[in-house]
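Remarks on the structure that follows.
Below, read A as the first sequence line, B as the second, and so on, with proteins coming before strands; counting in each chain starts at 1. Heavy atoms only: backbone and side chains are in, while hydrogens, waters and symmetry mates are out.
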Amino acid sequence: MPQPDHSPRSEGEVVRGGSTDPNQPWQAYHTVFTNAKAGMDGVDKEKVQRVVYEMSKGSKYFENEKRREALVMQKIQHMKSQSALLTDSDVKNHEKAADIKIKNLETQRDLSRIWMHVDLDAFYAAVETLENPTLAGKPMAVGGMSMICTANYEARKFGVRAAMPGFIACRLCPDLIFVSPNFEKYTSYSEKVRQVFHDYDPNFLARSLDEAYLDITDQCLSRNMSSEEVAEELRRRVYDLTGLTCSAGVAPNRMIAKVCSDVNKPNGQFIVPNDRAAVMAFVSSLPIRKIGGIGKVTERILKEVLSVSVCEDLIDKRGLISALFSSISTDFFLSVGLGIGGSTTPVEEPRKSLSCERTFSEISHEDGLFAKLEELADNLARELESEELQGRTITLKLKTATFEVRTRSLTLPFLVCRKEDLLIHASKLLKAELPLSLRLMGLRVSHFQGDSSFLNQRTLAEYFSVGNSAGSGSSEISLASGSSVVPSFTAEVSELSQKNGKNTDGTNSKIRDGTLVDCFFQGTDSGSALDCPPLLKEMRWIDDLQCSLCKLEIPSFLETERQEHVDFHFAELLQRRYADGFDLEAGSQGVETQTRRHLSQPYKGTLSKRGHIDRAIDSKGKRKCLSIDAFFSKD
DNA sequence: GGGGGAAGGACCA
DNA sequence: TTCCTGGTCCTTCCCCC
Ligand SMILES: Nc1ncnc2c1ncn2[C@H]1C[C@H](O)[C@@H](COP(=O)(O)OP(=O)(O)OP(=O)(O)O)O1
């Protein structure tokens with residue numbers, strides 16, 4: 001019997017051996033919403049279960065969940081059979097390997113820092129109540145009929161909680177008051193709270209608007225206070241400044257501190273002292289699901305395949321874990337079992353992606369779909385602009401009317417951020433998927449400049465301004481391994497002597513008399529170095545756009561093997577090439593002027609502000625607004 | 001065998 | 001009638017050295 005998930009934010013779903021009463025099918029529908037969570041004590045779980053099931057069954061959402069559930073079951077079955085194939089000696093060997101990992105992890109155990117995790121109680125709901133005190137004491141949820149972001153503690157008594165659809169919450173609690181979210185408010189309250197955090201740890205890690213990790217070691221030492229006193233004081237100060245209550249957890253590392261902040265929620269705190277025995281005692285009987293990173297599926301896999309339910313089981317079953325999971329996962333599970341987590345302050349990471357997605361009532365008409373895509377591209381381009389970001393990878397996300405999610409992505413050889421560029425490429429991705437009937441569309445840009453894959457790559461401008469090359473006649477530049485010289489395709493620079501072009505050790509290349517020597521294209525079948533001039537041409541070509549459309553000089557391998565790259569390059573090039581207008585010979589077709597359709601004289605056209613040809617003519621003779629790229633690729 | 005890209009999915013607030 | 005949004009990380013597969 002499938003066990004559909006009921007939420008993207010599910011917790012504590014447990015399948016109980018499939019022995020459910022066929023007359024009470026809701027028992028098999030184990031949802032997030034009955035899981036233990038702050039404020040949920042004393043809830044009639046059976047009733048919540050029944051209502052959620054009754055309101056869901058037969059819906060498209062429900063059917064999709066059944067499909068997903070079947071996949072999880074399949075995965076569990078597969079792991080079970082893998083596990084059955086293991087011999088005793090296999091397991092023994094894996095135990096040995098795990099013991100080495102454990103020894104390693106133990107050397108990383110750090111009991112010298114005191115970490116505090118702070119989590120505001122029912123944050124959005126609490127802010128709304130502060131702004132509108134008449135809500136106090138009444139069941140209230142922030143969100144709408146289709147989805148709830150969070151609920152206050154009065155509403156939680158009815159089983160209403162975050163990630164529950166509003167219409168189901170309504171059935172559970174008919175008097176439920178709905179408040180629309182107002183993120184500016186939450187942001188401004190969050191900023192106030194962070195002022196307090198800052199006083200305790202200027203390098204605190206903000207995880208979201210309502211959560212942060214603070215290293216309070218120095219506070220405790222310099223002020224000669226216990227961590228308990230610091231936590232009390234901090235919570236008091238947050239309350240005095242904002243009127244918001246919060247809960248705190250204190251432990252030697254962030255993983256345990258996070259669990260602790262939930263122990264006495266709301267408006268409470270819990271401390272695990274910096275002592276190995278105390279940590280192990282806390283962790284040993286802790287249900288694995290309490291740990292951040294172990295969600296509904298992982299919990300089920302660990303339980304059903306390995307009979308693991310509390311953290312110490314992870315150590316007992318280390319042999320099987322090492323046999324069945326990847327090295328990364330094994331490390332994670334073992335460190336959970338040992339109660340070891342992050343204890344040093346990590347460097348702040350730049351963001352890795354930026355996205356925008358919207359749910360709407362079903363659309364299957366092509367024009368409607370492309371209109372949605374344009375909205376998304378417009379939105380995303382604005383966000384990219386305000387964050388001053390450009391990226392190489394565009395990902396289109398589609399959710400069909402039956403809740404099936406698809407993503408389609410492509411990585412360009414250059415950076416994009418403008419709406420037009422996003423639209424050109426995303427449209428291609430969308431077109432390839434038609435016909436479609438959608439309920440959601442999303443657009444994401446990632447692979448930003450400065451990403452790890454970009455660390456060694458410079459733009460042309462940067463490339464020539466390394467301070468040593470341009471104009472200096474003869475000089476030398478160093479390229480790190482994997483360097484890419486031209487953004488339009490992957491080219492590598494290496495010593496001539498290096499046969500296969502893989503620039504593994506950061507060799508030096510030279511610029512002599514303005515010419516790059518010892519260069520090399522990756523992707524040539526011969527593996528030998530090409531002449532330098534093509535590369536140089538290629539650079540100039542992009543740099544000052546000296547070429548015209550008919551005079552593209554592309555290395556031969558690009559024309560054949562990397563045709564798609566050339567296409568992208570084209571789009572980019574054309575946009576820039578014709579930014580100031582374009583010339584058409586007499587007799588040209590495809591565009592109309594203010595006065596005539598057929599050009600009897602050479603014509604100078606200009607692009608609209610958005611880079612479009614506003615008066616192009618399509619094959620049916622209809623006037624159409626086209627991007628310059630589309631215009632030239634039409635023919 | 002590993003690097004990069006694509007697709008999918010788990011998980012988090 | 002109505003089951004979100006924006007982000008990270010991991011895994012698997014494929015292709016290409
Ligand atoms: N699935 C979700 N989608 C969108 N926003 C969410 C989702 N879950 C939680 N949030 C938002 C709303 C919450 O107020 C905020 C913090 O979440 P969280 O800490 O889990 O609960 P909470 O602060 O509302 O209550 P509490 O911490 O007291 O249980 O994040």
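- At the heavy-atom level, A:Lys258 lies under 4.0 Å from the strands shown only through sugar-phosphate atoms.
- With A:Ser59 contributing its side chain and A:Met55 its backbone, the two residues share no donor-acceptor pair below 3.5 Å.
- Looking at A:Asn379 and A:Arg358, their side chains never bring a donor and an acceptor atom within 3.5 Å of each other.
- Partners of A:Lys57 according to the side-chain hydrogen bond (donor to acceptor under 3.5 Å, both in side chains) rule, which considers only residues two or more places apart in sequence or in another chain, are A:Glu54.
- Distance NZ (A:Lys37) to C1' (B:dC12): 11 Å, rounded to an integer number of Å.
- Within residues 394-408 of chain A, the residues that place at least one heavy atom under 4.0 Å from DNA chain C are, in residue-number order, A:Lys399, A:Phe403.
- Atom CD in A:Glu69 sits roughly 10 Å away from atom P in B:dA10 (whole-Å rounding).
- The ring-ring contact (aromatic ring centres under 6.0 Å, His included) check on A:Phe183 picks up A:Tyr124, A:Tyr186, with sequence neighbours excluded.
- Regarding contacts with the backbone of B:dA7, a side-chain N or O of A:Ser409 is found under 4.0 angstrom from either OP1 or OP2.
- A sub-4.0 Å separation between OP1 or OP2 of C:dG7 and a side-chain N or O of A:Lys352 is absent.
- Between A:Thr150 and B:dA13 there is no side-chain N or O to OP1 or OP2 distance below 4.0 Å.
- Listed by chain and number, the residues in a ring-ring contact (aromatic ring centres under 6.0 Å, His included) with A:Phe158 amount to none (sequence neighbours excluded).
- In this structure, the side chain of A:Arg392 engages the main chain of A:Leu412 through a donor-acceptor pair within 3.5 Å.
- Taking 4.0 angstrom as the limit, A:Arg207 places none of its side-chain polar atoms (N or O) nearer than this to OP1 or OP2 of B:dC12.
- Sorted by first and then second residue, the pairs that involve residues 373-412 of chain A and meet ring-ring contact (aromatic ring centres under 6.0 Å, His included), not counting sequence neighbours, are A:Tyr61-A:Phe403.
- Side-chain polar atoms of A:Ser329 and A:Ser326 form a donor-acceptor pair below 3.5 angstrom.
- The shortest distance between the side-chain N/O atoms of A:Arg68 and the OP1/OP2 oxygens of B:dG8 is not below 4.0 Å.
- Not counting sequence neighbours, the partners of A:Tyr189 by the side-chain hydrogen bond (donor to acceptor under 3.5 Å, both in side chains) test are A:Glu131.
- Regarding contacts with the backbone of C:dG6, every side-chain N or O of A:Ser353 stays at 4.0 angstrom or more from both OP1 and OP2.
- Position along DNA chain C of the nearest nucleotide to A:Phe167 versus A:Arg444 favours A:Phe167 as the more 5'-ward residue.
- With rounding to whole Å, A:Arg171 atom CZ is found 10 Å from C:dT1 atom P.
- Whole-Å rounding puts the A:Phe183 CZ to C:dG7 C1' distance at 14 Å.
- With sequence neighbours left out, A:Ala98 forms a side chain to side chain contact (heavy atoms under 4.5 Å, CB included) with A:Arg318, A:Ser322, A:Leu334.
- A salt bridge between A:Lys60 and A:Glu362 is present, with a side-chain N of the basic residue lying under 4.0 Å from a carboxylate O of the acidic one.
- Using a 4.0 Å heavy-atom cutoff across all strands shown, A:Leu440 reaches sugar-phosphate atoms only and no base atom.
- In this entry the distance linking CE of A:Met145 with P of C:dT2 reads 13 Å, nearest Å.
- Residues passing the side-chain hydrogen bond (donor to acceptor under 3.5 Å, both in side chains) test with A:Glu387 are A:Arg351, sequence neighbours excluded.
- Contact annotation for A:Glu211: backbone-only contact, meaning every heavy-atom pair under 4.0 Å involves sugar-phosphate atoms and none involves a base.
- Atom pair A:Lys428:NZ and B:dA6:P shows a separation of 13 Å (rounding to whole Å applied).
- As judged by a 4.0 angstrom heavy-atom cut-off over every strand, A:Ser59 is placed among residues making no nucleic acid contact.
- Residues meeting the ring-ring contact (aromatic ring centres under 6.0 Å, His included) test with A:Phe325, sequence neighbours left out: A:Phe333.
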Between the protein and nucleotides 13-16 of chain C, list the N/O to N/O atom pairs that are separated by less than 3.5 angstrom.
none

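- Ranked by how close their nearest DNA chain B nucleotide is to the 5' end, A:Lys75 and A:Asp210 are led by A:Lys75.
- Helical stems involving DNA chain C, defined as 3 or more consecutive Watson-Crick or G-U pairs under 3.5 Å, span B:1-13 with C:5-17.
- Distances shorter than 4.0 Å separate none of the side-chain N or O atoms of A:Thr411 from OP1 or OP2 on B:dG4.
- Remark: C1' of B:dG3 and CZ of A:Arg392 are 13 Å apart, rounded to the nearest angstrom.
- A:Ser361 comes within 4.0 angstrom of no nucleic acid atom, judged by non-hydrogen atoms across all strands.
- Looking at heavy-atom distances under 4.0 Å, A:Leu120 makes no contact with the nucleic acid at all.
- In this structure, the side chain to side chain contact (heavy atoms under 4.5 Å, CB included) partners of A:Pro266, at least two apart in sequence or on a different chain, are A:Asp121, A:Tyr153.
- Distances shown here put every side-chain N or O of A:Ser146 at or beyond 4.0 Å from the OP1 or OP2 atom of C:dC4.
- As judged by a 4.0 angstrom heavy-atom cut-off over every strand, A:Gly166 is placed among residues making no nucleic acid contact.
- Take the nearest nucleotide of DNA chain C for A:Arg358 and for A:Ile328: the residue whose nucleotide is more 5' is A:Arg358.
- In this structure, the CZ atom of A:Phe62 is 18 Å from the P atom of C:dT1, given to the nearest Å.
- Residue A:Ile148 is out of contact with every strand shown, counting any heavy-atom pair closer than 4.0 Å.
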